[in-house]
Amino acid sequence: MSGTPQYKTLKGMQDILPPDTFLWQSVEQTARRIFSAFGFQEIRVPVLEATSVFSRSIGEQTDIVEKEMYTFTDKGGRSVSLRPEGTAAVVRSYVEHNLHSLPSPQKFYYSGPMFRYERPQSGRFRQFYQIGVEAFADPHPRMDAEVISMLGRFLTSIGLEGVSFQINSIGCEQCRPAYKDALLGFFSDKKENLCPDCVRRFDQNPLRILDCKVSRCIEARSDAPRITDHLCQDCRTHFEKLQNLLTLLEVSFAVNPEMVRGLDYYTRTTFEVTSQGLGSQNAVAAGGRYNRLVKEFGGPDTPAIGFAVGMERMVGLLKQSASLTWPAPAVFIAALGEAAGNAALRIAGKLRDQDLWAEVGDAESSLKSQLRRADRLAARFVFILGDEELRSGTLKWKNLADASHGEVKMTEIKEFLAAI
RNA sequence: GUGGGUGUAGCUCAGUCGGUUAGAGCACCAGGUUGUGGCCCUGGUGGCCGGGGGUUCGAAUCCCCUCACUCACCCCA
């Protein structure tokens with residue numbers, strides 16, 4: 001084998017290998033467990049959709065749609081795209097299958113790969129995995145609080161520490177335009193103080209100036225109008241109720257009026273969970289309310305709220321605190337000679353019938369090398385089987401951890417393993 | 001798309017004022033006498049030193065180009 005393999009994963013794509021996969025599994029299992037307790041049910045949607053499913057919902061002018069989608073023309077001449085996020089497809093499915101006719105609210109979760117053609121960096125990949133949830137048809141801040149507290153419970157349950165919740169309200173179609181105008185008015189005579197990116201943002205997406213990291217932009221916006229001071233009465237009430245409910249549910253959070261979300265479809269509540277120790281891409285989960293999207297997809301006027309968790313980022317954080325362990329066989333059967341080797345296979349089969357992980361050594365190689373292998377696998381027990389044992393109907397056993405050893409009758413293996 | 005950093009064995013890295021067959025540790029495989037692992041000892045597998053071009057008697061080492069990886073910007077989970 002030489003230095004540069006002939007075939008490699010594409011840029012921004014990665015293989016997820018054991019023992020990492022065990023961590024991924026436990027994250028996924030925990031998500032299913034917690035989300036189920038909140039009444040969320042799994043939905044599976046395709047990774048490939050008509051391009052318009054994404055462009056219309058995420059926003060035609062967003063970077064995601066403009067330059068980050070894997071878009072191509074299929075053999076039928078249709079423009080199709082790999083999903084860059086999960087919500088759009090779930091909403092499409094919700095409308096397509098009239099899921100609003102299910103008892104309200106309808107609550108779903110999904111997980112799987114998303115695709116964005118970006119320059120990879122720490123915590124950012126071209127194929128990345130998200131676990132997300134979407135709750136439909138409940139406009140009340142109670143649902144916002146439920147979803148956010150569920151996310152908190154999930155993160156706690158998975159053992160993630162040192163994360164912080166930030167929430168914000170970005171208003172609705174009533175109050176946001178006025179705020180945008182106020183913001184434009186504020187910055188219009190301060191353009192020369194802004195960084196080049198923010199000068200561009202001034203025209204394209206002025207809200208983005210609020211979360212620019214450049215120090216002179218931070219300075220320039222210190223007296224900028226705050227969205228939370230420009231909310232209409234309904235949005236303001238909604239946001240206040242949400243905060244009260246989160247307090248009631250003992251979710252600790254901070255209001256961050258400068259938090260802006262990138263997707264066009266959000267209304268009112270937005271939230272984000274960040275962690276230090278993730279590098280620059282520090283959001284481990286994010287979401288918000290999107291009250292207009294279902295209608296825009298041709299469905300009934302249905303409010304909704306959801307979030308997505310970045311799996312790689314979450315797993316990355318977990319790996320910092322917990323050490324990964326490989327699972328180990330329950331039993332390694334070392335055999336000496338062909339007859340014993342065959343007997344070992346039959347015994348292993350019986351153990352596997354009981355869902356025990358049994359490994360069988362190579363009966364043609366030395367006992368020493370078989371034991372070495374058993375040790376490397378960290379097998380809890382070794383059974384040794386040779387001609388002597390075949391004659392007497394017994395097995396030698398050995399506990400590799402403490403080197404204790406003894407004999408057990410072949411007919412009593414089950415009892416032996418049950419007793420330990 | 002823009003900028004910085006790095007490319008030597010499966011992994012972590014030495015080796016760079018250019019000088020013979022490119023090294024270590026770990027990992028892997030096999031031995032250290034008959035059927036007992038870990039520790040130790042011995043041996044082995046494994047590198048066209050990311051790729052291409054140039055300078056030179058001679059390049060892992062110097063120059064140019066290229067590719068890959070990586071971090072940051074942008075954007076976002």
Complementary nucleotide of [N], counting Watson-Crick and G-U pairs under 3.5 Å:
| N | value |
| --- | --- |
| B:rG3 | B:rC71 |
| B:rC28 | B:rG44 |
| B:rA22 | none |
| B:rC39 | none |
| B:rA59 | none |

With a 3.5 Å distance limit and no angle check, can you tell me whether [X] reaches the backbone of [Y] through a side-chain donor-acceptor pair?
| X | Y | answer |
| --- | --- | --- |
| A:Arg268 | A:Asn291 | no |
| A:Asn399 | A:Ala401 | yes |
| A:Ser122 | A:Gly279 | no |

Report task. For the pair A:Gln127 and A:Tyr129, evaluate side chain to side chain donor-acceptor pair (under 3.5 Å) and give the outcome as yes or no after the intermediate values. Result -> CA-CA 7 Å; A:Gln127 174 173 340; A:Tyr129 290 77; 2.9 Å; yes
Report task. Take nucleotides 66-77 of chain B nucleotide by nucleotide from the 5' end and write B, S or -, depending on whether a protein heavy atom sits under 4.0 Å from the base, only from the sugar-phosphate, or from neither. Result -> --SS-SBBBBBB
**Report entry** Contact pattern, 5' to 3', of nucleotides 33-42 of chain B - B, S or - by protein heavy atom under 4.0 Å
**Finding:** --BBBB----
Query - Atom CZ of A:Arg44 with >12 non-hydrogen neighbours under 6.0 angstrom - result: no
Query raised in the report: What interatomic distance, in whole Å, is found between P of B:rG52 and the corresponding atom of B:rC57?
Result: 22 Å
Query raised in the report: Mind checking what makes side-chain contact (heavy atoms from CB on, under 4.5 Å) contact with A:Thr30, not counting sequence neighbours?
Result: A:Arg33, A:Ile34, A:Phe154, A:Ser157, A:Ile158
Query raised in the report: Do A:Arg92's NZ or CZ and the ring of A:Phe297 fall within the cation-pi criteria of under 6.0 Å and 45°?
Result: no
Report summary line: Rounded to whole Å, the CH2-P distance (A:Trp326 to B:rA27) equals 15 Å
Query raised in the report: So, A:Ser55 versus A:Thr51: side-chain donor-acceptor pair below 3.5 Å or not?
Result: no
